[in-house]
Peer 1: 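For reference, the structure I am asking about is given below.
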Amino acid sequence: MRIDVLTIFPEWFGGPFDVSLLGRAAADGTLDLRVHDLRDWTTDRHRSVDDAPYGGGAGMVMRPDVWFAAAEAVWNDLPASATTGRDAPPPGAAFEVGGTRPRTVLLTPRGVPLTQPLVRELAAEPRLVLCCGRYEGIDERVHEDVATDEVSIGDFVLLGGEVAAAALVEAVVRLLPGVVGNADSPLDESFSNGRLEYPHYTRPLAVRGREVPEILRSGDHGRVEEWRAARAEELTRRRRPDLLEG
Ligand code: ADE
């Protein structure tokens, strides 16, 4: 799967994506991650990506012209120069340049919640483009005409979309074929069946006076399954009753 990230902090995506299963997915070609510096599509000397809000008020707003130029280039696999300033395509021509528009996700606290069903849907796409905003906000025309999806990773506000994009990439990539060793494990987990996951135990049998529940040592698979289902149900009722309502 190819994932393009648009951000003013491309260096942010160095470390976390070089290690662990993500790094391996990138090395073996399962993940083709391309991080782009949004400032490559600016045209002024200061490489500015933001401006004062129309209507007044505090803070700055990210400029739509820079976002449009960046998205059009990435969608169509063109160099920055092809969609910027003098060489920008005429109005209406932008999506025609190279075919269809890939799924383009704007990370924002006002987006729909990122859930496992949405992650599964995104993991089935051949390409994703992730847009990371900063500052107080992004010009509304970017929300409307660049993004195909607006996604939030929770009811809290981050400084920008980078952490949210990283969370989305990790959740999506672990579902790609071959990334997680055991083919069963991505299914038998929290959220895939609408429940939080049951508790796990391993050796040693006793630690600091705390023993593994007897049932798990009984060898009775039927009772083990029942016990796990009951624990999952109990945990979900206590912590996430909203999941049981659906
Ligand atoms: N940008 C800032 N806060 C965010 C959130 N909670 N989810 C996604 N993107 C964000």
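None of these values were measured; they are calculated from a predicted model.
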Peer 1: Charged N to carboxylate O under 4.0 angstrom, Glu170 versus Arg174?
Peer 2: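 No, Glu170 and Arg174 are not salt-bridged.
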Peer 1: For the residue pair Pro79 and Ala73, what are the closest heavy atoms and their distance?
Peer 2: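 Where Pro79 meets Ala73 most closely, the heavy atoms are O-CB, 4.1 Å.
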Peer 1: Below 4.5 Å, heavy atoms only, C-beta onward: do Arg223 and Ser218 meet side chain to side chain?
Peer 2: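 Heavy-atom side-chain distance check passes, below 4.5 Å.
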Peer 1: Between Ala165 and Leu107, which heavy-atom pair has the shortest distance, and what is it?
Peer 2: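 That would be N-CG, 3.8 Å.
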Peer 1: Tell me, do Leu168 and Ile153 make a side-chain contact under 4.5 Å, heavy atoms counted?
Peer 2: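 No, too far: nothing below the 4.5 Å cut-off.
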Peer 1: Kindly write out the residues that satisfy salt bridge (Lys or Arg N to Asp or Glu O under 4.0 Å) with Glu226, not counting sequence neighbours, or none if the list is empty.
Peer 2: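 Per chain and number, Glu226 pairs via salt bridge (Lys or Arg N to Asp or Glu O under 4.0 Å) with no residue.
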Peer 1: Can you find a heavy atom in the side chain of Arg34 that is under 4.5 Å from one in the side chain of Asp77?
Peer 2: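 Yes. Closest side-chain heavy atoms under 4.5 Å.
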Peer 1: Is any side-chain heavy atom of Arg238 closer than 4.5 Å to one of Leu196?
Peer 2: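 Counting from C-beta outward, Leu196 and Arg238 never come under 4.5 Å.
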Peer 1: Decide yes or no for Thr42 and Val49: does some side-chain heavy atom of the first lie under 4.5 Å from some side-chain heavy atom of the second?
Peer 2: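 They are in contact (side-chain heavy atoms under 4.5 Å apart), so the answer is yes.
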Peer 1: When rounded to the nearest 0.5 angstrom, what distance separates CG in Leu33 from CE in Met1?
Peer 2: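 That separation rounds to 11.0 Å.
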Peer 1: Looking at Thr104, is its backbone amide N or carbonyl O close enough to the side chain of Thr148 to form a donor-acceptor pair, meaning the two atoms are under 3.5 Å apart?
Peer 2: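 The answer is yes, because a donor-acceptor pair under 3.5 Å joins these two groups.
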Peer 1: Donor-acceptor pair, distance only, cut-off 3.5 Å: does the side chain of Arg127 make one with the backbone of Trp75?
Peer 2: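 Present.
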Peer 1: Which atoms form the tightest heavy-atom contact between Cys132 and Val5, and what is the distance?
Peer 2: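 For Cys132 and Val5, the tightest heavy-atom pair comes out as SG-CG1, 3.9 Å.
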Peer 1: Is Thr83 reaching over with its side chain to a backbone N or O of Ala69, donor-acceptor style, under 3.5 angstrom?
Peer 2: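 A pair under 3.5 Å: yes.
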Peer 1: Could you pull out the closest heavy-atom pair between Ala25 and Val173, with the gap in Å?
Peer 2: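 Ala25 and Val173 have their closest heavy atoms at CB-CG1, 3.9 Å.
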Peer 1: With distance as the sole test, does Arg103 use its side chain to make a donor-acceptor pair with the main-chain N or O of Leu122 at under 3.5 Å?
Peer 2: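 Side chain of Arg103 to backbone of Leu122, a donor-acceptor pair under 3.5 Å: no, none is there.
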Peer 1: Under the rule for side chain to side chain donor-acceptor pair (under 3.5 Å), what residues qualify as partners of Asp155, not counting sequence neighbours?
Peer 2: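 Asp155: no side chain to side chain donor-acceptor pair (under 3.5 Å) contacts found.
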Peer 1: If you round to the nearest 0.5 Å, how far is CD1 of Ile3 from CG of Asp32?
Peer 2: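 Output value for this atom pair is 9.0 Å.
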Peer 1: Under 4.5 Å between side-chain heavy atoms, hopping through other hydrophobics if needed: is there a path connecting Val157 to Val61?
Peer 2: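 Different clusters: Val157 never reaches Val61 through Ile, Leu, Val, Met, Phe, Trp or Tyr contacts under 4.5 Å.
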Peer 1: Not counting sequence neighbours, list each pair that qualifies as a salt bridge (Lys or Arg N to Asp or Glu O under 4.0 Å) and has a residue in residues 7-24.
Peer 2: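 Listed once each, the pairs would be none.
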Peer 1: Under a plain distance cut-off of 3.5 Å, with no hydrogens placed, do Glu150 and Thr108 share a side-chain donor-acceptor pair?
Peer 2: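 Checked: Thr108/Glu150 side chains show no N/O donor-acceptor pair below 3.5 Å.
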Peer 1: Hey, does the side chain of Arg101 reach the backbone of Val146 with a donor-acceptor pair shorter than 3.5 angstrom?
Peer 2: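 Flag set: sc Arg101 to bb Val146 pair under 3.5 Å.
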Peer 1: Between Leu243, Leu235, Leu244, which is the residue that forms a side-chain contact (heavy atoms from CB on, under 4.5 Å) with Arg195?
Peer 2: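 Answer to the side-chain contact (heavy atoms from CB on, under 4.5 Å) test with Arg195 among Leu243, Leu235, Leu244: Leu244.
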Peer 1: Apply side chain to side chain contact (heavy atoms under 4.5 Å, CB included) to the pair Val74 and Trp41, showing each step before the final yes or no.
Peer 2: CA-CA 11 Å; Val74 167; Trp41 285 274; 4.2 Å; yes
Peer 1: If two hydrophobic side chains count as joined below 4.5 Å and joins carry through other members, does Tyr54 share a cluster with Ile138?
Peer 2: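 Cluster IDs for Tyr54 and Ile138 differ.
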Peer 1: Which atoms form the tightest heavy-atom contact between Cys131 and Leu106, and what is the distance?
Peer 2: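 Minimum heavy-atom contact is O-CD1, 3.5 Å.
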Peer 1: Applying the 4.5 Å side-chain criterion to the ILVMFWY set and letting contacts propagate, would Val212 and Ile215 be lumped into a single cluster?
Peer 2: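 Yes, one cluster joins them.
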Peer 1: I want to check something: taking the side chain as every heavy atom from C-beta on, are Arg141 and Trp67 in contact at a cut-off of under 4.5 Å?
Peer 2: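 Heavy-atom side-chain distance check fails, nothing below 4.5 Å.
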Peer 1: Establish whether Tyr198 and Leu216 are linked, either directly or via other cluster members, by ILVMFWY side-chain heavy-atom contacts under 4.5 Å.
Peer 2: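 Result: no, two separate clusters.
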Peer 1: Do the side chains of Arg228 and Arg231 get nearer than 4.5 Å, heavy atoms only?
Peer 2: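 Counting from C-beta outward, Arg231 and Arg228 never come under 4.5 Å.
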Peer 1: Any side-chain heavy atom of Gln116 sitting closer than 4.5 Å to one from Leu175?
Peer 2: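 A side-chain contact under 4.5 Å exists here.
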Peer 1: If you group Ile, Leu, Val, Met, Phe, Trp and Tyr by side-chain heavy-atom gaps below 4.5 Å, do Tyr201 and Leu205 land in one group?
Peer 2: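 Yes, same cluster.
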Peer 1: Calculate, to the nearest 0.5 Å, the distance between atoms OG1 and CD belonging to Thr7 and Glu162 respectively.
Peer 2: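 Between atom OG1 of Thr7 and atom CD of Glu162 there are 3.5 Å.
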